[in-house]
Amino acid sequence: MSLSTEPAPSRPSSPEIGALTSEVLELKRRRNAILLAHNYQLGEIQDLADHVGDSLYLSRKAMETDAKVILFSGVRFMAETAKILNPSKMVLLPDLEAGCSLSDAITAPQLRAWKAEHPGAVVVSYVNTSAEVKAESDYCCTSSNALAIVRRIPEDKEVLFLPDMFLGDYVKRQTGRKNVHLWPGDCFVHTKMRPETVLRMRKEHPGAELIAHPECGCSTEVLPEVDRVLSTDGMMRYAGETKSPQVLVATEIGILHRMRKVNPSTQFVPLSPDAVCPFMKKNTLEKVRDSLRDLRFQIDVPAAIIPRARRALERMVEG
Ligand code: 13P
Ligand code: SF4
């Protein structure tokens with residue numbers, strides 16, 4: 001898969017958005033489709049989705065839907081997860097280049113080799129992985145339940161946590177476990193949010209609260225500077241409840257659209273305005289329309305992989 005990171009194409013005007021929105025709604029009805037959108041999707045896609053949320057919430061929605069078609073406006077591992085959890089549905093991804101550099105950080109052969117070095121270890125894979133890697137895993141987790149899942153594993157068991165080292169390090173510190181081994185992967189969008197950025201922004205915005213995604217490069221070294229470490233839905237719940245006049249948000253900037261809608265009295269400021277995931281932004285409203293109209297791009301997972309990957313994913317959606 002290409003990992004090109006060229007800038008997203010220019011945005012449609014308001015009347016174009018209105019016309020495309022009507023087309024998508026009509027096609028969705030005709031196809032008996034459900035539209036799931038991740039919190040990092042463009043605002044106009046979020047606005048017409050049936051459900052907007054984080055990886056865990058959307059996985060659960062994909063698993064329980066009765067619709068015939070699941071149109072996943074997110075990235076490929078999310079659509080694959082939907083297919084594994086609900087294999088009889090047609091799962092569509094608007095753009096096949098909507099990958100994830102973090103999920104490419106480890107392959108199934110690499111994981112098999114790592115497991116061979118630690119016989120008996122329990123493998124916990126972040127949901128940002130390929131279906132093949134999930135099939136080699138004991139548990140999957142998301143940023144919202146990684147801590148809870150690792151806490152479920154007996155203390156004396158070694159844990160291989162992959163592929164995000166910042167999330168893994170956060171889990172390791174919070175659980176106090178020394179026997180959690182980390183794969184050295186990271187998300188190139190979140191890793192750029194460094195401790196120096198946090199310290200500078202803290203100075204420039206005295207009194208503001210700071211919330212950060214655990215994939216951030218700042219979530220470990222300057223943890224005391226961060227008020228909350230949260231998944232994107234955890235951030236959304238916080239955004240809806242906070243009375244703070246200003247909040248610094250350390251994650252991909254797509255989430256600000258929803259935050260500003262749920263709480264217009266708080267000012268939400270991105271920690272890094274250039275924290276844009278080019279993979280998430282491959283999806284546009286036009287591609288969502290084309291996807292439903294032409295039933296493309298259908299995401300399939302080899303039948304031999306589904307049962308093993310599903311076992312790890314079911315533990316994730318339960319936990
Ligand atoms: P969430 O599950 O917190 O939405 O994170 C997904 C992701 O890809 C973050 O970069
Ligand atoms: Fe992957 Fe990072 Fe984009 Fe999330 S923000 S989809 S982890 S590349």
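Counting convention: from 1, in listed order, for ligands and their atoms alike. Since the model is a prediction, treat every value here as computed from it, not as a measurement.
- The closest approach between a heavy atom of E252 and any atom of ligand 2 is not below 4.0 Å.
- Contacts with ligand 1 closer than 4.0 Å are made by no heavy atom of E252, backbone or side chain.
- For the residue pair Q41/S73, the side-chain donor-acceptor check at 3.5 Å is satisfied.
- A salt bridge does not link E80 to K83: none of the charged nitrogens lies less than 4.0 Å from a carboxylate oxygen.
- Nearest non-hydrogen protein atom to atom 5 (O) of ligand 1 is H213 NE2, 3.3 Å.
- K282 approaches D95 most closely through the heavy-atom pair O-OD2, 3.7 Å.
- Residue contacts to atom 2 (Fe) of ligand 2: H190 brings no N, O or S atom closer than 2.8 Å.
- Nearest to atom 8 (O) of ligand 1 by heavy-atom distance, out of N128, V75, L167, is N128.
- Scanning the protein for heavy atoms near atom 2 (Fe) of ligand 2, the closest one is C187 SG, 2.3 Å.
- Assignment of M235 to the shell around ligand 1 is not supported, since no heavy atom sits closer than 4.0 Å.
- Listed by atom number, the atoms of ligand 1 under 4.0 Å from H190 heavy atoms are 10 (O).
- The protein heavy-atom contact nearest to atom 9 (C) of ligand 1 is E215 OE2, 3.2 Å.
- Atom numbering of ligand 2 starts at 1 in the shown order; those under 4.0 Å from a heavy atom of S101 are 8 (S).
- Contact check on D50 versus K61 returns no salt bridge, with no Lys/Arg side-chain nitrogen under 4.0 Å from an Asp/Glu carboxylate oxygen.
- Taking the charged nitrogens against the carboxylate oxygens, R258 and D233 do have a contact shorter than 4.0 Å, which makes a salt bridge.
- Salt bridge annotation for R200-E204: present, with a cationic side-chain nitrogen under 4.0 angstrom from a carboxylate oxygen.
- Closest to atom 1 (Fe) of ligand 2, if we only count protein heavy atoms, is C100 SG, 2.4 Å.
- Ion pairing of E252 with K281 is present here, as a side-chain N (NZ or NE/NH1/NH2) and a carboxylate O approach within less than 4.0 Å.
- Here is the list of ligand 2 atoms found below 4.0 Å of a heavy atom in N128: 7 (S).
- Counting all heavy atoms, side chain and backbone alike, V133 lies closest to I106 at CG2-O, 3.5 Å.
- Protein heavy atom closest to atom 3 (Fe) of ligand 2, with residue, atom name and distance, is C277 SG, 2.4 Å.
- The shortest contact between atom 6 (C) of ligand 1 and any protein heavy atom is with S55 OG, 3.5 Å.
- Between Y40 and H190, the ring planes are tilted. Angles from 30° to 60° get that label.
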